[in-house]
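Note on naming: letters A, B, ... go to the chains in the order of the sequence lines (proteins, then strands), and numbering restarts at 1 for each one.
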Number of protein chains: 2
Amino acid sequence: MSPYDPSAFPPFAVTVDLVVLTVRRHALCALVVRRGEQPFQGRWALPGGFVRDEEDLAAAAARELSEETGLCAHDPGVPGVGNGAHLEQLATYGDPKRDPRMRVVSVAHLVLAPDLPAPRAGGDANSARWAPVDELLEAGEQASAGLAFDHARILADGVERARSKIEYSSLATAFCPPEFTVGELRRVYEAVWGVALDPRNFHRKVTGTPGFLVPAGGTTTRQGGRPAQLFRAGGATLLNPPMLRPEV
Amino acid sequence: MSPYDPSAFPPFAVTVDLVVLTVRRHALCALVVRRGEQPFQGRWALPGGFVRDEEDLAAAAARELSEETGLCAHDPGVPGVGNGAHLEQLATYGDPKRDPRMRVVSVAHLVLAPDLPAPRAGGDANSARWAPVDELLEAGEQASAGLAFDHARILADGVERARSKIEYSSLATAFCPPEFTVGELRRVYEAVWGVALDPRNFHRKVTGTPGFLVPAGGTTTRQGGRPAQLFRAGGATLLNPPMLRPEV
DNA sequence: CCAAAAGTGTTCCGCGTACACCCATGT
DNA sequence: ACATGGGTGTACGCGGAACACTTTTGG
């Protein structure tokens with residue numbers, strides 16, 4: 001670290017922004033809130049807020065998440081059990097011009113959550129909603145139609161992280177309710193990757209990977225057809241060999 | 001983002017810390033500098049420094065790198081060609097107690113560089129050196145013997161990132177000089193992963209992956225034995241299928 | 001009976017692994 | 001001659017891809 005002079009460093013505002021992803025109706029969706037003030041008033045943005053004094057970055061992200069959704073996320077490194085949602089740091093964005101008002105460095109976090117009831121608008125947001133990420137990212141192509149600030153870029157990075165991480169980890173279960181079927185888990189992969197997977201091979205693959213799924217004991221027919229076994233997420237976090245994303 | 005009140009956010013100091021890795025004498029080494037002042041005076045630390053006003057995070061990392069090593073890194077997103085070194089953002093560390101003096105958020109960056117002459121001590125560092133990461137991380141086990149601040153943790157995260165990224169990307173070439181042999185590239189993998197690889201299969205694998213290596217035209221005997229073809233890094237960045245790290 | 005989803009069996013083939021073998025240089 | 005590292009050929013086997021087939025529910 002450089003020489004320390006209490007008056008020699010420029011002060012920064014530090015925020016956390018959240019990329020909260022879920023799967024609804026076979027589509028990967030992100031949580032966005034409507035901005036109530038300038039700049040970008042009326043535009044959609046990722047939820048987030050300032051990091052408080054004496055508050056860790058992950059704690060700030062968990063607090064904002066809970067304020068916006070009522071969700072209690074579980075960062076595997078922070079105590080406090082959640083309802084299955086997964087939280088991890090994504091990346092940090094610090095372009096001097098990213099906020100026209102002042103110098104803001106934002107530490108983006110990624111949250112993977114099971115399908116939730118409609119979000120409750122909280123704090124300064126006029127409203128909040130789940131929007132398909134395809135819509136949000138397409139809108140970002142035309143200037144001044146997409147997300148506020150550099151949030152389209154942050155969202156794209158978060159989506160890419162989620163897409164690659166479910167390949168080699170068991171994180172896809174974070175999109176599922178506590179008990180789920182193999183078919184439901186497959187539809188998560190299909191929604192996140194935007195591809196169709198062979199149900200037979202998928203079934204063999206996930207049930208054959210030790211520690212990925214553990215039988216929960218019951219069955220369900222909520223998807224129609226023959227009753228399917230219910231599973232819970234197993235203890236394994238790394239999948240070896242990984243799930244293979246089909247070629248483009 | 002939360003309601004904006006210029007007086008309502010706590011001011012943070014924002015720094016960049018650098019995990020600069022290279023391969024020297026068959027060992028993965030990191031650049032460390034000796035601290036010249038309190039706290040942790042005399043202890044080794046990762047190079048780094050304050051982000052300046054109007055300076056992007058990646059630019060700050062590149063500036064610190066150049067000040068400490070003379071290296072001109074190439075972030076594939078920042079203009080300005082370097083000498084082959086690779087720079088990417090690693091993660092951000094913001095525990096309120098990580099610096100006893102004040103609230104500091106540090107955006108760590110990872111640099112992969114070819115073997116370099118002895119580093120020149122710059123700025124406030126009494127001295128600088130390349131140290132095998134195994135030594136640095138083992139020393140961290142005993143309290144007050146390892147790196148300053150939370151730098152052991154940052155280093156461990158950087159090493160883990162490098163180890164996993166050379167699996168599925170062509171980043172291992174960033175540890176090599178502009179022209180290198182297949183054997184030299186193999187010794188990079190062996191040093192970073194700490195394993196022995198079969199030279200025959202490795203050769204077939206890397207020369208058979210399109211875009212990974214392009215023949216540079218000449219040969220060399222600098223490693224002894226039969227002359228080896230020289231290669232340059234090809235355009236491909238993602239390896240498909242990936243290099244497989246042998247089981248533990 | 002039929003549709004729909006769950007689950008099993010089987011065949012094929014690419015690719016990773018292991019290892020035998022040959023090649024071209026320095027000493 | 002021989003040691004050293006470079007490079008090719010080949011046989012084996014695991015695991016992914018494709019797909020036929022059976023099972024168990026709801027309508």
From C:dA6, C:dC21, D:dG5, pick the nucleotide closest to the side chain of B:Arg200? C:dC21
Measuring only between side-chain heavy atoms, which start at C-beta, is B:Leu18 closer than 4.5 Å to B:Leu31? no
Distance to the ring centre below 6.0 angstrom and angle to the axis at most 45 degrees; does that hold for B:Arg129 and B:Trp44? yes
Atom-to-atom span, CG of A:Leu197 to P of D:dC19 - whole angstrom: 15 Å
Atom pair distance, as rounded to whole Å: CG in B:Leu213 and P in D:dG6: 14 Å
Could you tell me the separation between the CG atom of B:Asp198 and the C1' atom of C:dA20, rounded to a whole number of Å? 12 Å
Evaluation steps, ring-ring contact (aromatic ring centres under 6.0 Å, His included), between B:Phe231 and B:Phe180: CA-CA 5 Å; B:Phe231 292 89; B:Phe180 53 90; 7.3 Å; no
Distance in angstrom units between B:Gln229 CD and D:dT8 C1', rounded: 13 Å
Which heavy atom in B:Pro242 sits nearest to a heavy atom in B:Lys205, and how many Å separate them? O-NZ, 3.2 Å
Could you state the CG-P distance from B:Leu244 to C:dT17, rounded to the nearest angstrom? 5 Å
Which part of the nucleic acid, if any, lies within contact of A:Pro199, taking any heavy atom under 4.0 Å across all strands shown: a base, the sugar-phosphate backbone alone, or nothing? nothing
Rounded distance (Å) that lies between atom C1' of D:dG7 and atom CZ of B:Phe231: 10 Å
Calculate the interatomic distance between B:Lys205 atom NZ and C:dA18 atom P; express it in whole Å. 15 Å
At 4.0 Å (heavy atoms only), tell me whether A:Arg186 reaches a base, stays on the sugar-phosphate, or touches nothing. sugar-phosphate
More than 12 heavy atoms of other groups within 6.0 Å of B:Arg222 CZ: yes
Would you say the side-chain atoms of A:Thr22 and A:Asp115 include a donor-acceptor pair closer than 3.5 Å? no
Establish, with yes or no, whether the OP1 or OP2 oxygen of D:dG6 is under 4.0 angstrom from a side-chain nitrogen or oxygen of B:His203. no
Taking for each residue the nucleotide of DNA chain D bearing the nearest heavy atom, is the 5' side occupied by B:Glu184 or by B:Asn201? B:Glu184
Check nucleotides 22-24 of chain C for protein N or O atoms closer than 3.5 Å to its own N or O atoms and list the pairs.
from	atom 1	to	atom 2	distance (Å)
C:dC23	O4'	B:Arg226	NH1	3.4
C:dC23	O2	B:Arg226	NH1	3.1

Take atom CZ of A:Arg153 as the centre, draw a 6.0 Å sphere, and report whether it contains more than 12 heavy atoms from other residues, nucleotides or ligands. no
If you take atom types as modelled and just measure distance, does the side chain of B:Arg204 reach the base of C:dG16 with a donor-acceptor pair under 3.5 Å? no
Would you mind classifying the nucleic acid contact of A:Arg187 as base, sugar-phosphate or nothing, using non-hydrogen atoms under 4.0 angstrom? sugar-phosphate
Would you kindly give the CG-to-C1' distance between B:Leu185 and D:dG6, to the nearest whole Å? 14 Å
